[in-house]
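Below, each value reflects all heavy atoms present in this structure, side chains not excepted, and no hydrogens, waters or symmetry copies.
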Amino acid sequence: MAPALPHRRTLLLRGAAALDTLSIAAFRLVSAPRLPAPAGLSMAVPALDLESLRRLLDAGLSRRPRVAQDRSDLVSAAVLVPVTGHDGPHVLFTKKTASVPHHKGQFSFPGGVVEQRDGSRVETALREAWEEIRLPAEAVEVLGLLDDTETRATNFIITPVVGIVRDHVDFAPDGREIERVLEVPLARLRDPAIFRTEIWERNGEPHPVQFYQVSPDDLVWGATARILSQFLDLLDEPGAPAR
């Protein structure tokens with residue numbers, strides 16, 4: 001396997017102080033082309049309140065066909081994509097600690113591995129959100145599921161669950177798996193200036209890798225970025241506000 005490229009490591013660490021070195025080692029940067037941004041990104045974004053966004057997401061999720069995967073060679077997991085409302089809609093991310101087995105120091109959505117006691121992927125996502133950041137299940141209005149998403153350097157298949165956080169919640173990261181909570185305004189996530197795509201190679205195969213520089217020090221990338229792109233694409237479904 002080709003060694004990691006120093007300039008690629010520097011580029012990534014600029015936005016995230018502690019990426020999972022196992023994930024980095026699995027890839028080699030090939031190029032950073034100018035590829036089209038996901039459909040849901042736009043500089044001119046009409047203001048959406050939480051209720052308008054809920055209706056838009058609900059309509060988009062009900063129209064789009066969902067891609068579900070049943071892979072016995074991958075570990076099933078589920079995450080919650082929580083939308084909160086503080087002076088406008090925000091999307092909530094969690095930053096993993098440096099002590100977790102996978103994806104150390106990376107941003108993700110609350111979630112984890114499906115357990116036998118879980119009755120559904122929704123139940124997994126809500127259970128994990130409570131365990132990781134003390135988000136009560138009863139505070140979440142579940143809207144639907146996005147496409148199952150594979151991680152590329154680890155062996156997980158993730159079911160993303162979209163939900164609106166209806167109540168005020170004092171989030172409390174557990175400190176063991178989760179270091180902190182980050183709520184990013186939806187308007188910022190839709191700004192094309194924070195988005196880029198790079199082509200990375202793994203096992204001789206090229207893969208586009210998406211990045212969202214959500215703040216000067218915070219970088220969302222990998223499977224979480226691909227899930228976020230799916231979520232943002234819902235905002236360009238028929239019936240979305242004109243730009």
Side-chain angles (χ1 to χ4, degrees), residues 1-46 48 79 81 83 88-96 102-109 146-147 149-154 156 158 160 162 179-237 240 243:
M1 182 179 297
L5 299 182
H7 74 279
R8 186 243 322 164
R9 180 180 290 271
T10 301
L11 175 66
L12 291 178
L13 292 182
R14 178 186 63 189
L19 293 182
D20 185 344
T21 54
L22 290 176
S23 297
I24 291 175
F27 289 90
R28 181 175 66 87
L29 177 67
V30 177
S31 64
R34 287 185 171 272
L35 298 179
L41 275 67
S42 171
M43 287 293 289
V45 181
L48 281 173
V79 299
V81 182
V83 180
H90 289 59
V91 178
L92 182 150
F93 301 89
T94 55
K95 185 176 183 180
K96 293 186 178 294
H102 303 287
H103 312 123
K104 302 176 189 295
Q106 294 185 30
F107 282 97
S108 64
F109 295 111
L146 298 174
D147 295 346
T149 302
E150 296 180 34
T151 58
R152 287 174 175 157
T154 51
F156 295 97
I158 303 170
V162 178
E179 175 182 310
R180 65 183 173 99
V181 168
L182 178 68
E183 295 176 78
V184 182
L186 178 64
R188 175 157 183 79
L189 293 173
R190 297 192 72 192
D191 181 354
I194 75 167
F195 175 83
R196 73 175 186 271
T197 300
E198 297 176 359
I199 303 300
W200 287 15
E201 183 181 280
R202 180 171 185 257
N203 297 329
E205 295 291 332
H207 298 278
V209 181
Q210 299 177 336
F211 300 86
Y212 291 84
Q213 193 78 52
V214 298
S215 83
D217 297 318
D218 298 322
L219 182 70
V220 172
W221 71 293
T224 302
R226 283 181 278 130
I227 292 170
L228 176 60
S229 291
Q230 283 191 62
F231 173 84
L232 294 175
D233 283 347
L234 292 174
L235 305 184
D236 263 20
E237 294 285 345
R243 293 176 180 171

| query | When rounded to the nearest 0.5 angstrom, what is the spacing between CD1 in Ile199 and CD in Glu201? | reply | 11.0 Å
| task | Using the side chain to side chain contact (heavy atoms under 4.5 Å, CB included) rule, take Phe107 and Val184 through it: C-alpha gap first, then chi angles, then the decisive distance, then the call. | result | CA-CA 12 Å; Phe107 282 97; Val184 182; over 6 Å; no
| task | Please identify each residue that fulfils salt bridge (charged side-chain N to carboxylate O under 4.0 Å, His left out) with Arg180, with sequence neighbours left out. | result | Asp218
| Does Thr197 use its side chain to pair, donor to acceptor, with the backbone of Pro208 at less than 3.5 Å? | no
| message | Here's a test for you: under side-chain contact (heavy atoms from CB on, under 4.5 Å), which of Val91, Leu182, Leu219 qualifies with Val214? | response | Leu182
| Atom pair NZ/OG of Lys95 and Ser108 - distance to nearest 0.5 Å | 11.5 Å
| field | Exam field: side chain Arg226 to backbone Glu150, donor-acceptor pair closer than 3.5 Å | value | yes
| request: Taking ring-ring contact (aromatic ring centres under 6.0 Å, His included) as the test, write out the residues that go with Phe109, two or more places apart. | output: Phe93
| message | Between Leu232 and Tyr212, is there a side-chain heavy-atom distance shorter than 4.5 Å? | response | yes
| Yes or no on side chain to side chain contact (heavy atoms under 4.5 Å, CB included) for Thr149 and Val79, after CA distance, side-chain angles and deciding distance? | CA-CA 11 Å; Thr149 302; Val79 299; over 6 Å; no
| Just how far is it from atom CD1 of Ile158 to atom CG of Asp147, taken to the nearest 0.5 Å? | 12.5 Å
| Does the side chain to side chain contact (heavy atoms under 4.5 Å, CB included) test come out yes or no for Trp221 and Gln210, once each step is laid out? | CA-CA 6 Å; Trp221 71 293; Gln210 299 177 336; over 6 Å; no
| task | State, without any angle test, whether Thr94 and Glu179 hold a side-chain donor-acceptor pair at a distance under 3.5 Å. | result | no
| Between CG of Asp191 and CD of Gln213, what distance do you get to the nearest 0.5 Å? | 12.0 Å
| query | Is any side-chain heavy atom of Phe231 closer than 4.5 Å to a side-chain heavy atom of Pro160? | reply | no
| message | Val83 vs Leu186, test: side chain to side chain contact (heavy atoms under 4.5 Å, CB included). Steps then yes/no. | response | CA-CA 9 Å; Val83 180; Leu186 178 64; over 6 Å; no
| task | Quick one: list whatever passes salt bridge (charged side-chain N to carboxylate O under 4.0 Å, His left out) with Glu183, sequence neighbours left out. | result | none
| pair Leu146-Leu234: side-chain heavy atoms closer than 4.5 Å | yes
| Between Thr151 and Phe156, is there a donor-acceptor pair closer than 3.5 Å when you use the side chain of the first and the backbone of the second? | yes
| said: Can you confirm whether the side chains of Gln106 and Thr224 place a donor and an acceptor under 3.5 Å from each other? | reply: no
